[in-house]
2 protein chains.
Amino acid sequence: MTSARRFFSKNKSIIAYSISLALLMFLLKWLELRFVIFDHALEVYIGAIAVIFTVLGIWLALKLTRPKVTTIVVEKQVYINPGEFVLNETAVNELGLSKRELEVLNLMAEGCSNQEIASRLFVSLSTVKTHSSNLFFKLDVKRRTQAIEKAKKICLIP
Amino acid sequence: MTSARRFFSKNKSIIAYSISLALLMFLLKWLELRFVIFDHALEVYIGAIAVIFTVLGIWLALKLTRPKVTTIVVEKQVYINPGEFVLNETAVNELGLSKRELEVLNLMAEGCSNQEIASRLFVSLSTVKTHSSNLFFKLDVKRRTQAIEKAKKICLIP
DNA sequence: ATAAAAATCATCCTAAAGTATGAGCAAAAA
DNA sequence: TTTTTGCTCATACTTTAGGATGATTTTTAT
């Protein structure tokens with residue numbers, strides 16, 4: 001049942017074409033009988049058929065073929081306003097940075113000295129030095145200024 | 001001359017259609033003369049014409065339809081906090097920063113050490129130290145990291 | 001031409017930054 | 001349970017940064 005319905009709906013155009021072709025045949029037969037009296041009517045008749053079926057073919061083609069589509073991709077640049085900072089967690093995981101190291105990194109970027117960082121995190125200067133040393137190793141840099149530069153580039157800090 | 005040629009090239013398909021139609025007419029006329037002896041040959045003949053011109057119409061339609069152009073706008077995200085960096089010259093004048101000091105500041109922000117800055121500016125380490133010292137005094141900071149932080153805030157560096 | 005500003009360099013000294021190594025401890029993962 | 005990981009701290013040492021001061025040489029503006 002459904003398959004039959006599906007068949008009709010899928011071949012709608014073809015069925016319509018067949019029916020209209022049949023009707024035209026009848027019409028032409030009728031015309032043939034009426035105008036057979038004229039001389040050279042056949043040539044005109046055939047010309048008419050040619051034109052009609054050409055139009056029909058064109059109509060059919062336009063109906064059946066899916067429209068030719070050429071796609072033009074236009075890149076529109078969307079400028080992201082630096083309003084909200086989102087931490088690049090992918091980078092954090094790839095580099096294996098710990099929570100504490102990120103804290104140290106942030107305070108570094110704020111211009112804190114190691115001693116200030118130690119005071120603000122309630123740890124010793126040694127601890128901060130260890131963290132910063134590990135940080136530089138993981139970020140593959142030699143100085144805190146380079147660490148800040150790189151961290152900003154890859155969105156580890158705002 | 002050129003306009004005529006242009007006309008031909010532009011209406012190539014239509015001209016081809018006309019010619020093939022004329023040829024078909026001749027062919028059909030010839031067939032008519034040959035097979036007129038058969039009974040009911042006319043129906044077959046007309047059917048053949050119908051089919052041929054339908055095909056012709058389809059071919060014509062496929063040839064003549066111009067592709068539909070769809071424009072797809074792809075939003076490309078461009079992360080640009082620099083957008084375009086414009087130096088805050090007002091601040092530069094207010095703080096009394098010299099050209100050289102700004103150069104040093106920029107290299108500092110790139111993560112260069114004083115020695116690296118000296119090499120890149122073709123001056124001695126002492127000179128860079130003097131510049132940076134003056135810089136810190138003018139910016140009212142104590143460390144290069146603070147200088148970078150402040151300079152970015154007031155648009156002295158990108 | 002002359003004074004002011006900018007750029008250059010040096011030396012001495014202190015403070016901070018950074019390296020290397022070892023070790024204790026607690027929480028989480030195996 | 002054992003191992004791993006992260007955080008902690010310490011000591012000793014080297015390097016870099018930064019301060020203070022003074023001096024010479026270009027530029028630049030008046």
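Within every chain, numbering begins at 1; the chains are lettered A, B, ... in the order of the sequence lines, protein sequences first and strands thereafter.
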(message) Between P on D/dG18 and CG on B/Leu105, what's the gap in Å once rounded to a whole number?
(response) 12 Å

(message) Are there over 12 heavy-atom neighbours, none belonging to B/Asp140, within less than 6.0 Å of that residue's CG?
(response) no

(request) Rounded off to whole Å, could you give me the CZ-to-C1' distance for the B/Arg144 and C/dA16 pair? (result) 12 Å

(request) For residues A/Leu125 and A/Ile117, determine if any side-chain heavy atom of one lies less than 4.5 Å from a side-chain heavy atom of the other. (result) no

(request) Return the nearest nucleotide to the side chain of B/Ser124; candidates are C/dA10, C/dA7, D/dG19. (result) C/dA10

(request) Scan B/Ser132 against the nucleic acid and name what it touches under 4.0 Å (heavy atoms): base, sugar-phosphate only, or nothing. (result) nothing

(request) Calculate the interatomic distance between B/Glu101 atom CD and C/dA6 atom C1'; express it in whole Å. (result) 8 Å

(request) Check if the side chain of A/Thr130 and the base of D/dC9 share a donor-acceptor pair of N or O atoms closer than 3.5 Å. (result) yes

(message) Between C1' on D/dA17 and CG on B/Leu135, what's the gap in Å once rounded to a whole number?
(response) 14 Å

(message) Can you confirm whether B/Ile157 sits close enough to B/Leu87 that some side-chain heavy atom of one is under 4.5 Å from a side-chain heavy atom of the other?
(response) no

(request) Just call it for A/Thr127: base, sugar-phosphate, or nothing, with non-hydrogen atoms closer than 4.0 Å on any strand. (result) base

(request) Indicate yes or no: at least one non-hydrogen side-chain atom of A/Leu156 is less than 4.5 angstrom from one of A/Leu139. (result) yes

(message) Any side-chain N or O of B/Asn114 below 4.0 angstrom from OP1/OP2 of D/dA17?
(response) yes

(request) Please answer whether the main-chain N or O of A/Val141 pairs with a side-chain N or O of A/Lys150 as donor and acceptor at a distance below 3.5 Å. (result) no

(message) On the nucleotide D/dC7, are OP1 or OP2 found under 4.0 Å from the side-chain N or O atoms that A/His131 carries?
(response) no

(request) For the helix from C/dA1-D/dT30 to C/dA30-D/dT1, figure out the bend between the end axes, five pairs an end, and round to 10 degrees. (result) 60°

(request) Please state how far atom CD in B/Gln115 lies from atom P in C/dC9, giving the value in whole angstrom units. (result) 12 Å

(request) When you get a sec, tell me which of C/dT19, D/dT8, D/dC7 is the closest nucleotide to the side chain of A/Lys129? (result) C/dT19

(request) Round to the nearest Å and state the distance from A/Ile117 atom CD1 to D/dC7 atom P. (result) 15 Å

(message) In this structure, how many angstroms lie between the P atom of D/dA17 and the CG atom of B/Leu107, rounded?
(response) 13 Å

(message) How many whole angstroms separate atom NZ of A/Lys99 from atom P of C/dA27?
(response) 13 Å

(message) A side-chain contact here means heavy atoms from C-beta on lying under 4.5 Å apart; do B/Glu89 and B/Glu94 qualify?
(response) no

(message) If you compare every side-chain N and O of B/Arg100 against the phosphate oxygens of C/dA6 (OP1, OP2), does one of them come in below 4.0 Å?
(response) no

(request) May I ask you to say what B/Ser126 touches in the nucleic acid, namely base, sugar-phosphate or nothing, with a heavy-atom cut-off under 4.0 Å? (result) base

(request) Return the 5'-most residue of the pair B/Thr145, B/Leu121 with respect to DNA chain C, ranking by each residue's nearest nucleotide. (result) B/Leu121

(message) Just N and O in the side chain of B/Arg143: are any of them under 4.0 Å from OP1 or OP2 of C/dA16?
(response) no

(message) Pairing donors with acceptors under 3.5 angstrom, does anything connect the side chains of A/Thr127 and A/Ser124?
(response) yes

(message) If the threshold is 4.0 Å, N to carboxylate O, is there a salt bridge linking A/Lys153 and A/Glu149?
(response) yes

(message) Both A/Leu125 and B/Ser113 contact DNA chain D. Which one's nearest nucleotide lies toward the 5' end?
(response) A/Leu125

(message) Can you see if the side chain of B/Ser133 gets near the phosphate of D/dG19 - specifically, an N or O under 4.0 Å from OP1 or OP2?
(response) yes

